[in-house]
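What follows is a set of notes on a single structure, which appears directly below.
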Amino acid sequence: MMRSGRYLFTALLLLAFLVMPAQTAQRDQGIFEVRVKDHRDAISDFSKLVITIDEISISPKPGLQFWQTGWKDFTPSPETIDLTQYTGKESVRVLRASIDADSFDAFHLKIKTIEGLLKKNQRTVQVKNNLGPVKLFFQVPVQGETLLVLDLTVLDLSDHPPRGYELGIKGYELYTNGKLVDKIPPA
């Protein structure tokens, strides 16, 4: 009888330890949001500039267990956006996710395709993708929100043959809990 009481106590104790990490993990989450807009450089040459985003990746800051770090990938929604619709202060949300609160040191907006249609002659034009990983330290606080607004830009480099139109990043704005914490280029 005493033995079955110990088994029951041990089983309840194990169950409690299994449930506790799940509840702790829910509390140790924050919101990570990414928005995209286009800087005004050569976007006015286009009647449409549709990009398809493959994924958005962030790199956890390596800590004591640096061998366990790797990029965390997220699926954007929507995947396809027309950058001509999001210039100036207008932006579009491409990611909003609950993630484990942590420190990060880089992000990467991976583009699958770019389809440009010029205003002047209504012909399609190839736009080279110059986006790559960007080194940026940021945190997603516990039960907080981190917002990253990416300012993309299309440049017309056709006066430097054989170059043409190229998509790159002009800068970003980083907000934590609604407060601007970093901006490139600085205002």
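- A distance of 7.5 Å separates CH2 in Trp71 from NZ in Lys110, rounded to the nearest 0.5 Å.
- Between the NE2 atom of His108 and the CD atom of Glu55 there is a distance of 8.5 Å, given to the nearest 0.5 Å.
- The shortest distance between side-chain heavy atoms of Ile58 and Val140 does not fall below 4.5 Å.
- For the atom pair Phe32 CZ and Thr146 OG1, the distance stands at 7.5 Å (nearest 0.5 Å).
- Across all non-hydrogen atoms, the minimal contact from Asp54 to Lys112 is OD1-CE, 3.6 Å.
- Applying the side chain to side chain donor-acceptor pair (under 3.5 Å) test to every pair with at least one member in residues 117-126, sequence neighbours left out, gives no pairs at all.
- Applying the salt bridge (charged side-chain N to carboxylate O under 4.0 Å, His left out) rule to Lys48 yields no partners; only residues at least two apart in sequence or on another chain are considered.
- The cluster map of Ile, Leu, Val, Met, Phe, Trp and Tyr, joined by side-chain heavy atoms under 4.5 Å apart, puts Val134 and Val181 in the same cluster.
- Separating the NZ atom in Lys170 from the CG atom in Leu150 is a distance of 14.5 Å, to the nearest 0.5 Å.
- Leu157 forms part of a hydrophobic cluster together with Leu155, judged by ILVMFWY side-chain heavy-atom separations under 4.5 Å.
- Listed here is the closest heavy atom pair of Pro185 and Gly171: CD-CA, 4.1 Å.
- Looking only at atom types and distance, the side chain of Thr52 has no donor-acceptor partner in the side chain of Glu79 under 3.5 Å away.
- One distance of note links CD1 of Ile99 with CD of Glu33; it measures 12.0 Å at 0.5 Å rounding.
- The closest side-chain donor-acceptor pair between Asp100 and Gln29 falls under 3.5 angstrom.
- Remark: Phe46 pairs with Tyr165 by the ring-ring contact (aromatic ring centres under 6.0 Å, His included) rule, at least two apart or across chains.
- You'll find the side chain of Ser98 reaches within 4.5 Å of the side chain of Ile31, heavy atoms only.
- Looking at Ser57 and Asp73, their side chains do bring a donor and an acceptor atom within 3.5 Å of each other.
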Just do the ring pair (Phe, Tyr, Trp, His ring centres under 6.0 Å) check on Phe107 and Phe74 with the steps written out, would you? CA-CA 11 Å; Phe107 70 88; Phe74 300 93; over 10 Å; no
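- Checking each of Leu152, Val154, Thr80 against Ile51 for a side chain to side chain contact (heavy atoms under 4.5 Å, CB included) leaves exactly one that passes, namely Leu152.
- One hydrophobic cluster, built from ILVMFWY side chains closer than 4.5 Å, holds both Leu95 and Ile111.
- For the atom pair Glu90 CD and Thr84 OG1, the distance stands at 12.0 Å (nearest 0.5 Å).
- Screening residues 151-165 for salt bridge (Lys or Arg N to Asp or Glu O under 4.0 Å), with sequence neighbours left out, gives Arg163-Glu166.
- Closest approach of Val94 to Pro78, counting heavy atoms only: CG1-O, 4.1 Å.
- For the pair Asp45/Val125, no side-chain contact is recorded, criterion being any heavy-atom separation below 4.5 Å from C-beta on.
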Trace of the side-chain contact (heavy atoms from CB on, under 4.5 Å) decision for Val36 with Tyr86: CA-CA 8 Å; Val36 172; Tyr86 305 101; over 6 Å; no
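- Under a 4.5 Å side-chain heavy-atom criterion applied to ILVMFWY residues, the cluster that includes Leu180 comprises Leu147, Val149, Tyr175 as well.
- With respect to Ile81, the side chain to side chain contact (heavy atoms under 4.5 Å, CB included) criterion is satisfied by exactly one of Asp38, Val50, Val92: Val92.
- Across every non-hydrogen atom of Pro141 and Thr176, the tightest pair is CG-CG2, 3.9 Å.
- Between Leu167 and Leu131 there is a side-chain heavy-atom pair separated by less than 4.5 Å.
- In this structure, the side chain of Ser47 engages the main chain of Leu117 through a donor-acceptor pair within 3.5 Å.
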Check the pair Ile184, Leu174 against side-chain contact (heavy atoms from CB on, under 4.5 Å), reporting the backbone distance first and the verdict last. CA-CA 9 Å; Ile184 298 293; Leu174 180 66; over 6 Å; no
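- Between the side chain of Asp82 and the main chain of Leu49, a donor-acceptor pair closer than 3.5 Å is present.
- In this structure a side-chain-to-backbone donor-acceptor pair under 3.5 Å is missing from Ser59 to Asp105.
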